[in-house]
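Read the structure below first, then the notes.
Here is the naming used below: chain letters follow the sequence lines, and residue numbers restart at 1 for every chain. Please read these numbers as outputs of a predicted model, since none were measured by experiment.
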Protein chains: 2
Amino acid sequence: MQNLIKAINHYISLSDEDINIIDQLFVKKELKVNDSFLTEGGVCKEFAYINNGLLRHCIINNGEEETFYFSTEYDFVCDYESFINKAISKKSIIALEDTTIYSISYSNMQLFYSKVKFGERFGRLLLEDVFTKAINHIISSHTDAAEQRYLNFMSSFSHIQQRIPQYYIASFVGVTPQSLSRIRRQLVKK
Amino acid sequence: MQNLIKAINHYISLSDEDINIIDQLFVKKELKVNDSFLTEGGVCKEFAYINNGLLRHCIINNGEEETFYFSTEYDFVCDYESFINKAISKKSIIALEDTTIYSISYSNMQLFYSKVKFGERFGRLLLEDVFTKAINHIISSHTDAAEQRYLNFMSSFSHIQQRIPQYYIASFVGVTPQSLSRIRRQLVKK
DNA sequence: AAAAATCATTACCATAGGGTAACAAATTAT
DNA sequence: ATAATTTGTTACCCTATGGTAATGATTTTT
């Protein structure tokens, strides 16, 4: 729970009372490899902090599963669209490694916003961060060719890059594993 | 100012006092065609609501200008990354039409968050909306071929589609104007 | 350890989209 | 109205990436 407190504290300052509240609202959960945090067709019922482990966000398109994001230790994870609107999600979030999370339900999250002194501000600041990353991701995928997108991935996710199989990286980069392999070969040449 | 109040009121309920505050914090501004709301290399010093008009978000890459978003009447507009961190922006936001905005400075925005009763919540809820759209955009550009991305554009921006030149649409879709022309021809055939 | 399964690489051909250029259509300026 | 400029379309060739298949390499299972 220490890490979670630290992560929230990064955005807002927490009183002892706030910490107590957080302690009561979040629940520790364990995911084994291949367990789902969220499954396509269900509703995302929790917002979570990853204490350790690695998750993969994917979506099925024309029967093809595409990986579009990775979340790892010290990240917050959620399908906001589904969580916020209690809407059916098209996404799945699946453990690539055994993962420990601190999870909070929707209703508890609302309590967090109202009871923690700067709770709303935390929500806003966290979203500002993730939104900013999302925009940069959009621009990169708009602007950059596959090789550069791969390099972008390698620098954005340098800390977890060795823990992810090539074919998921290929999917994230938006190419086939064959193309990624070719791109990697060309990069070695240089 | 009526429209702005309505737009904020969509997310949070506003007291008369709140409305008074908003009235004092936002400033009406006019942009002529080709005027910039934000210029590359500068800092985004304002967050704004578009009362009427049309803006184009772009970024320069290898000397090539790429359009990656459009904002129009009833939208909020800002380069969050720059605004929040007072950081140099790589983006420009330029008027495609004469545009009227209600603008608020960074420091006034902080006053908004603290003085308007549910100000922080407004910030969070608005970001939840824009973030959700961003994610869907990422997934679409990840998943869909050019023709489908064009169709997605046509449905997401159906209300303003006729007001935007083809070459900006092509850029948004991520193809050359020649390719877009080809795609459009093929769609007509069908 | 051997066999099976999974993952990564390479090769070959097919195709979507880029680049250049020419032209056509539409808009703007004179 | 005419000329000039800007925007959109078409054609041609080229390149990056996809798809299929075969082969190696690695990991997992027995």
Please report the distance, rounded to the nearest Å, between NE2 in A:H142 and P in C:dG17. 14 Å
Residues B:E120 and B:R124 bridged, charged N to O under 4.0 Å: no
Between OH of A:Y167 and C1' of D:dT27 the distance, given in whole Å, is 11 Å
Given B:H137, which partner from the list B:F172, B:F153, B:F68 fulfils the ring-ring contact (aromatic ring centres under 6.0 Å, His included) test? B:F172
Can you tell me if B:T176 touches the phosphate of C:dG18, counting only side-chain N or O atoms and a distance under 4.0 Å to OP1 or OP2? yes
Give one of base, sugar-phosphate or nothing for A:R182, where a contact means two heavy atoms less than 4.0 Å apart. base
Can you say whether a donor on the side chain of A:Q178 sits under 3.5 Å from an acceptor on the base of D:dT20, or the other way round? yes
B:V33 backbone acceptor or donor facing B:D98 side chain under 3.5 Å: yes
Between C1' on C:dA16 and CG on B:D144, what's the gap in Å once rounded to a whole number? 15 Å
Whether B:S179 contacts C:dG18 is assessed here as follows: a side-chain N or O lying under 4.0 Å from the phosphate OP1 or OP2. Is that the case? yes
Considering just the side-chain nitrogens and oxygens of B:R185, establish if one lies under 4.0 Å of OP1 or OP2 belonging to D:dT10. yes
Could you tell me how far apart B:R149 (CZ) and C:dG17 (P) are, to the nearest whole angstrom? 7 Å
Can you tell me the distance, in whole Å, between the CD atom of A:Q148 and the C1' atom of D:dA16? 16 Å
A:I183 CD1 to C:dA8 P: how many Å, rounded? 15 Å
Could you pick out which residue, B:Q166 or A:L180, lies toward the 5' side of DNA chain D when each is mapped onto its nearest nucleotide? B:Q166
Pairing donors with acceptors under 3.5 angstrom, does anything connect the side chains of A:D18 and A:S15? yes
If I take atom CD in residue A:Q186 and atom P in nucleotide C:dT9, what distance separates them, rounded to the nearest angstrom? 13 Å
If you look at every strand shown and take non-hydrogen atoms under 4.0 Å, does A:S181 touch a base, only sugar-phosphate, or nothing? base
Given D:dG18, D:dG8, C:dA8, identify the nucleotide with an atom nearest to the side chain of B:P165. D:dG8
Provide, to the nearest angstrom, the distance between the CG atom belonging to A:N34 and the C1' atom belonging to D:dT28. 14 Å
Under the criterion ring-ring contact (aromatic ring centres under 6.0 Å, His included), which of A:Y69, A:Y168, A:Y150 is the partner of A:F157? A:Y69
